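Since the structure comes first, as structure tokens, the remarks are kept for the end.
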2 protein chains.
Amino acid sequence: MTERAPTPAEPEAPPRRSDATRAGILAAARERFAADGYERATIRAIAKDAEIDPSMVMRYYGSKEGLFAAATSADLRMPDFTRVPREEVGQVLVGHFLDLWEDAGVLTALLRVGITNQAGAERMRKIFAEQLLPVAREVCPDPDAAPARAALCAAQLLGLALTRYVLRFPPSAALTREEITAWLAPTLQRYLTAERP
Amino acid sequence: MTERAPTPAEPEAPPRRSDATRAGILAAARERFAADGYERATIRAIAKDAEIDPSMVMRYYGSKEGLFAAATSADLRMPDFTRVPREEVGQVLVGHFLDLWEDAGVLTALLRVGITNQAGAERMRKIFAEQLLPVAREVCPDPDAAPARAALCAAQLLGLALTRYVLRFPPSAALTREEITAWLAPTLQRYLTAERP
DNA sequence: CCTGTTGGTCAACGCTTGTTGGCCAACGTA
DNA sequence: TACGTTGGCCAACAAGCGTTGACCAACAGG
């Protein structure tokens, strides 16, 4: 759409004087998208957070959709599950996701937006297919059922994130990391490796 | 807020000539809220769906928030779990939720809106506390842990709804009712009745 | 036949949104 | 010093939003 491509695929751009501003906008955008969802996160509010003029956002990212795309370029950085003992897969998976969610607002933003925005949902489907599905395909006993098994894991993991970080159910938010691992790891382990339900 | 109270608590209102219109608006609102979320579901669009003037929506429901409140007066109609054998609790719970989600768009609307809208999240917390938590308190072995156990069940059930009805992950949407029950019932059973994780 | 109530339309209001184009200051060469 | 490029602000645009009030048609009761 725009001449100035904001895609991260760009090989090596020369460092520009405005890189700090760009990063500031991106950080503010992530926070706002995470807190308010796509529609309520206005470009004006993001610009004010970044202490910049709204028109700058447009110049650097083309449009609101472009900004969103740049702000939610999530990489789950899945660990190498070929090196994980099969009986520990569930536990490692829970631990990895807890790290991801706690660490930054990117995933919260993605989840919130995926629910109101068509493009956001598409992005989540893609992340699921490219990153969680291969794991299931690797560790489950019947490759044909891998998509279903991965979907069940996604449901459990996203459901926890939903109640804990978005809806903020008090008992869900109060769970410790150890409790979550203890309860969820066996569930995921079963979804991924059990011979039959 | 409004003189004309739209609360369902009103004991017995005399049947009005406009009841059909009111119901039409409510049905259209539910569909739009479920499909688009709170912000994108405009009063104008809802009115057009109901083949009515936007101002009628305002007159009957006071404001957009009032309309939303009326459109999402969800009652989970929980079955009586004192009559369910303890070892079948998980299965009955899954079945009941599948019935609820399939049957109407109310819950989809509620979920979508609970994620963007503050009042929506509050409503979901209330529904959780009033309807799912008592079940846990009744069947779990340690009443102190009932909130945590209920939260885990909510995470699993809402996560399934999220991936299946909102994000529409293909493998999740493709699961049959029987498969879902077979996989999820043991999980919920464990969350509710296991002595320890 | 008049008259008050109810169901409904129409046109506009004030506001916020994403987006655009013009203008200005600072910088990096030549 | 001159000048093109870059970073940035300002003011405005058109469109869409929720919301309002004036106005009309049909009906009911006296």
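In what follows, chains are A, B, ... by sequence order, proteins preceding strands, each numbered from 1. Here the structure is a predicted model, which is why all the values come from computation and not from measurement. Atoms considered below: every heavy atom in the structure, side chains included; atoms not considered: hydrogens, waters and symmetry mates.
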Taking the side chain from [X] and the backbone from [Y], do they hold a donor-acceptor pair closer than 3.5 Å?
X: R190(B); Y: W183(A); value: yes
X: R77(A); Y: H96(A); value: no
X: R32(B); Y: T42(B); value: no
X: R137(B); Y: A150(B); value: no

Can you tell me how far [atom2] of [N] sits from [atom1] of [X], to the nearest Å?
X: E51(A); N: dG8(D); atom1: CD; atom2: C1'; value: 14 Å
X: R22(B); N: dG7(C); atom1: CZ; atom2: C1'; value: 10 Å
X: M56(B); N: dG21(D); atom1: CE; atom2: P; value: 16 Å
X: D36(B); N: dG16(D); atom1: CG; atom2: C1'; value: 15 Å
X: Y61(A); N: dG8(D); atom1: OH; atom2: P; value: 12 Å
X: R59(B); N: dC23(D); atom1: CZ; atom2: P; value: 14 Å

Where do N or O atoms of nucleotides 16-21 of chain C meet protein N or O atoms at under 3.5 Å, pair by pair?
unit_1: dG18(C); atom_1: OP1; unit_2: I43(A); atom_2: N; d: 3.4
unit_1: dG18(C); atom_1: OP1; unit_2: K64(A); atom_2: NZ; d: 3.0
unit_1: dG18(C); atom_1: OP2; unit_2: I43(A); atom_2: N; d: 3.2
unit_1: dG18(C); atom_1: N7; unit_2: R44(A); atom_2: NH1; d: 2.6
unit_1: dG18(C); atom_1: O6; unit_2: R44(A); atom_2: NH2; d: 3.1
unit_1: dT19(C); atom_1: OP2; unit_2: K64(A); atom_2: N; d: 2.8

Shortest non-hydrogen separation from R40(A) to E39(B) and the atoms involved |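 Scanning both residues completely, I find the closest heavy atoms to be CD-OE2, 2.9 Å.
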
Is the shortest distance from a Lys or Arg side-chain nitrogen in D99(B) or R177(B) to a carboxylate oxygen in the other one below 4.0 Å?
->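 Salt bridge present between D99(B) and R177(B).
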
